[in-house]
Amino acid sequence: MSGAATRIGVGTRFCYDGESVEVVEMAATTAGNEVVLKDGRGRLLRLSLKELLFSDRAAISPDSPGPSADDEGEIASVVLGQLDTEERQKVLERAGHVREVLTGFRSGSRELAADDEPKAAYAMAVPMEARKAAKATELGVTVRTIERWVAGFLQHGEAGLAPRRMRSERSQTSVDDRWVETAVEVMVEHTDQSRPSRTMVIDRTRARVIARFGEGVVPQPSRATAFRLLEELERRHPLFRLSTKRNRDIAGRPEGPYGKLRPTRPGEYLLMDSTRLDVFAFDPLTLKWVQAELSVGMDWYTRCITGIRLTPVSTKAVDVSAVLFQSFRPRPAGRDWPRHAVWPEHGIPRTVLVDVEGATGPGLASPPLVPETLVVDHGKVYVSEHLTSVCRRMGISIQPARLRTGRDKGPVERYFRTLREGLLQVLPGYKGPDIHSRGESPEDDAFFFLDELEAIIREWTAAVYHCRPHSSLVDPGLPGLRMSSAKMFEHGMARAGYIEAPRDRDLAYEFLQTKWRTVQHYGVEIGRRRYSGPGLPEPGVRSPYDSPVKNGWPFQVDPDDITRIYFRDPATRAWRTLVWEHAPSAEMPLSEDALTFARQLAASKYRFPDDRLAVADLLERWNLGLGTTIAERRMALRLSREQAAIELPVSEAETVVSLPSVRKALGQDEQTAELREPDVVTETGDDDEADLEDLAGEDDFYADALEDV
């Protein structure tokens with residue numbers, strides 16, 4: 001009987017580095033066993049026995065037959081794995097009969113013999129041929145079948161008794177390969193086109209085969225055979241069953257093996273992406289429903305969202321910079337947020353602190369992180385010269401994702417899906433992920449203002465998303481444990497031993513826009529707004545900058561908060577904050593677009609308006625402060641859409657309604673007399689029908705929203 005072993009000694013032959021060598025001597029040394037090899041030209045080579053047996057450079061040349069890894073037959077696990085329950089039971093019964101023929105016992109052992117074993121016909125004294133004949137008579141098969149079973153069992157065990165299965169050949173074996181290759185070629189050409197019918201693909205394939213090889217050269221399959229062939233080719237190149245978008249994604253898969261970046265600590269990779277939200281929002285300035293676009297930054301290792309930015313219509317380059325700005329300077333946490341959703345200001349998890357209460361402070365909405373690498377797509381807003389220059393100075397590398405390859409930013413794409421399924425779909429104004437899922441008129445249900453929708457998303461991310469276990473956040477040492485983003489941040493800090501925090505928080509100002517202005521005796525004027533504060537150079541001092549304007553100085557401006565600008569003192573290199581002269585009238589951050597719209601409203605109402613009057617009138621008209629009530633909101637919605645506000649569906653939104661931001665937006669935390677007594681009329685400012693008619697003639701507020709995209 002052949003075996004898997006071979007003897008290693010003098011005379012054993014090996015193939016070493018492509019040459020045939022023979023062992024001529026074996027010796028035991030202090031360093032281990034060694035052998036001396038001789039090749040065909042008489043040269044000697046001395047090396048360790050370990051190198052000879054386990055190196056990829058050497059292979060044994062056995063001198064007797066035996067099993068080999070390149071044998072044609074399948075291995076036992078593959079053969080037995082193809083059997084169903086009935087076939088496996090039949091194989092076990094055959095093995096018992098064969099063992100009875102060979103040993104006289106079904107189990108193959110005398111110690112495990114049954115009561116009536118061994119039977120007289122299968123006793124060891126009976127010749128083997130007689131035992132085989134007796135077994136053939138017992139089972140009603142031929143002696144040749146019994147001999148084949150015995151031979152298969154002796155060579156392969158139970159696997160040798162399994163029914164032989166021929167490898168499934170393709171049904172198109174009778175079809176000429178040239179016709180098959182042409183059919184695949186036609187199918188590939190329709191990857192980026194609308195879905196064709198199978199009949200059209202067959203007709204085009206036949207016409208191309210005739211044009212390429214000539215009439216009657218390539219046999220044409222029948223229509224039924226061609227349909228069966230396309231069904232099998234569908235597995236190689238999907239074209240007919242799935243959606244065309246899905247087929248394009250499958251066709252765009254890389255040909256080589258898949259690979260991915262593997263972060264090892266927090267802050268190593270920051271994923272940045274934008275998406276159009278599947279919910280309509282309400283603009284408090286124009287009283288119109290708009291589509292919103294969300295831009296986020298996500299730490300790949302922890303899946304923590306470090307920056308959130310919600311913009312109407314489209315994302316601009318300044319919005320991307322603002323998301324990165326939040327990574328350096330996180331937004332403060334809400335006053336009503338639960339404790340587990342608040343991050344300590346220093347970024348160190350509470351679990352590693354001794355005095356938690358003494359070191360926590362007010363708290364942040366996200367951990368402060370300095371990313372080492374930004375993974376972005378090829379959008380113009382992500383590769384602006386301003387952003388790339390600042391990242392270069394701060395040592396942050398930018399790695400663009402591959403074109404039309406969403407899996408390069410898979411975690412952030414999954415966050416967008418989780419946000420839609422866990423939050424957006426239970427909010428009024430939800431329009432679905434595609435046109436086929438859209439309701440009849442979802443814009444009529446738009447209830448939340450843009451700033452409220454951003455606050456809701458920010459709080460849901462901190463209170464729910466960061467604290468919920470993620471299936472992809474695992475520790476290789478504990479593969480069964482699923483951690484949340486907050487726990488993964490603690491795990492990453494413990495694993496790395498440190499966190500990457502901004503060395504100087506003022507570095508974040510470099511992500512803001514720069515405006516060049518001269519310094520006057522009253523301060524600085526930007527967009528007809530005057531700013532002043534300590535640290536400004538004296539009027540008339542020559543600027544050391546070669547600015548676009550004569551004797552201009554650089555000022556950093558946040559377009560979403562024009563109540564203040566930032567200036568770096570050229571002498572001390574310290575950043576100074578300059579405040580707008582009418583900032584006390586705003587009582588809240590005011591954007592550039594909001595002031596522009598306020599000026600248009602004031603110009604249509606007053607003969608000689610100024611910014612202070614425009615801002616005051618704007619706040620009075622829509623009451624944009626923190627005291628917005630449910631009655632004022634319903635009034636604005638009725639005036640803009642001539643219908644009442646829509647309440648949230650409680651049955652589907654229990655988790656979302658529990659968020660303080662949603663309760664505040666719905667007025668559920670303000671049990672005022674106006675809400676308890678619907679007959680009481682609440683004063684809502686000087687809005688009247690004449691003022692609303694004036695708004696109808698206003699220019700479209702978002703007419704130039706796509707200029708930077």
Side-chain angles (χ1 to χ4, degrees), residues 70-91 94 141-142 144-145 148-149 152 156 159-258 404-407 433-437:
D70 56 357
D71 287 342
E72 184 177 356
E74 298 292 346
I75 60 178
S77 60
V78 174
V79 174
L80 298 176
Q82 300 180 71
L83 304 179
D84 56 24
T85 304
E86 183 178 354
E87 291 176 333
R88 184 181 293 271
Q89 184 63 31
K90 185 178 295 186
V91 167
R94 287 182 181 179
V141 296
T142 63
R144 177 59 184 162
T145 300
R148 189 175 66 251
W149 288 358
H156 300 290
L161 301 177
R164 295 184 180 181
R165 298 180 183 271
M166 301 298 295
R167 292 187 178 181
S168 58
E169 300 291 341
R170 297 183 306 174
S171 62
Q172 68 266 23
T173 50
S174 59
V175 180
D176 194 287
D177 290 339
R178 291 171 291 182
W179 201 97
V180 176
E181 294 174 358
T182 306
V184 174
E185 180 182 322
V186 174
M187 295 175 66
V188 171
E189 292 176 355
H190 285 83
T191 299
D192 298 329
Q193 301 178 10
S194 300
R195 179 188 302 170
S197 65
R198 292 176 173 83
T199 301
M200 188 184 76
V201 173
I202 294 173
D203 294 341
R204 289 192 176 184
T205 302
R206 289 176 175 174
R208 186 170 301 183
V209 167
I210 294 174
R212 182 175 298 174
F213 302 103
E215 181 73 29
V217 177
V218 177
Q220 299 285 350
S222 64
R223 183 179 180 84
T225 303
F227 268 87
R228 288 195 300 269
L229 173 62
L230 292 184
E231 184 178 355
E232 295 190 5
L233 294 180
E234 174 79 6
R235 304 190 188 101
R236 295 166 48 185
H237 187 82
L239 184 64
F240 307 109
R241 294 183 295 104
L242 305 176
S243 64
T244 55
K245 182 180 182 300
R246 179 60 176 165
N247 292 336
R248 287 193 297 269
D249 293 341
I250 295 176
R253 290 172 177 173
E255 297 181 358
Y258 285 6
R404 299 197 315 177
T405 309
R407 57 182 166 271
D434 51 58
I435 190 65
H436 303 287
S437 305

task = Starting from the C-alpha separation in whole Å, work towards a yes-or-no answer on side chain to side chain contact (heavy atoms under 4.5 Å, CB included) for Arg212 and Val218.
result = CA-CA 10 Å; Arg212 182 175 298 174; Val218 177; over 6 Å; no
ask   = For Arg228 and Thr225, what are the C-alpha separation, side-chain angles and deciding distance, and is it a side chain to side chain donor-acceptor pair (under 3.5 Å)?
value = CA-CA 5 Å; Arg228 288 195 300 269; Thr225 303; 3.2 Å; yes
request  = Please lay out, stage by stage, how Arg204 and Thr182 fare under the test side chain to side chain donor-acceptor pair (under 3.5 Å).
outcome  = CA-CA 9 Å; Arg204 289 192 176 184; Thr182 306; over 6 Å; no
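Here Glu189 pairs with Arg208 in a salt bridge; the nearest charged N to carboxylate O distance falls below 4.0 Å.
Using a 4.5 Å heavy-atom cutoff, the side chains of Leu239 and Arg195 are not in contact. Within the 4.5 Å cutoff, the side chain of Met187 has heavy atoms near those of the Phe240 side chain. In this structure the side chain of Arg148 reaches within 4.5 angstrom of the side chain of Thr145, judged on heavy atoms. Looking at heavy atoms from C-beta onward, Lys90 lies out of side-chain contact with Leu83 at the 4.5 angstrom threshold. With a 4.5 Å cut-off on side-chain heavy atoms, Pro221 and Asp176 do not count as touching. When side chains are defined from C-beta on, Arg178 does not count as touching Val209, because their heavy atoms never get closer than 4.5 Å.
Other residues, nucleotides and ligands place more than 12 heavy atoms under 6.0 Å from the CD atom of Gln193. Around CD of Glu185, the count of heavy atoms belonging to other residues, nucleotides or ligands within 6.0 Å exceeds 12.
Closest of all the heavy-atom pairs between Pro219 and Trp179 is O-CD1, 4.2 Å. Contact between Arg206 and Ser222 at its shortest, heavy atoms only, is NH2-C, 3.7 Å. Between Leu233 and Ala183, the shortest heavy-atom distance links the atoms CD1-CB, 4.0 Å. Val79 approaches Ala159 most closely through the heavy-atom pair CG1-O, 3.8 Å. Residue Ala162 comes nearest to Val91 through the heavy atom pair CA-CG2, 3.8 Å, listed as atom of the first residue, atom of the second, then distance.
Note that CG of Leu80 is 9.5 Å distant from CD of Gln82, once rounded to the nearest 0.5 Å.
In this structure a side-chain-to-backbone donor-acceptor pair under 3.5 Å is present from Glu234 to Arg241.
Figure legend: Arg198 and Phe227 shown without cation-pi pairing, the cationic atom not lying both under 6.0 angstrom from the six-membered ring centre and within 45 degrees of its axis.
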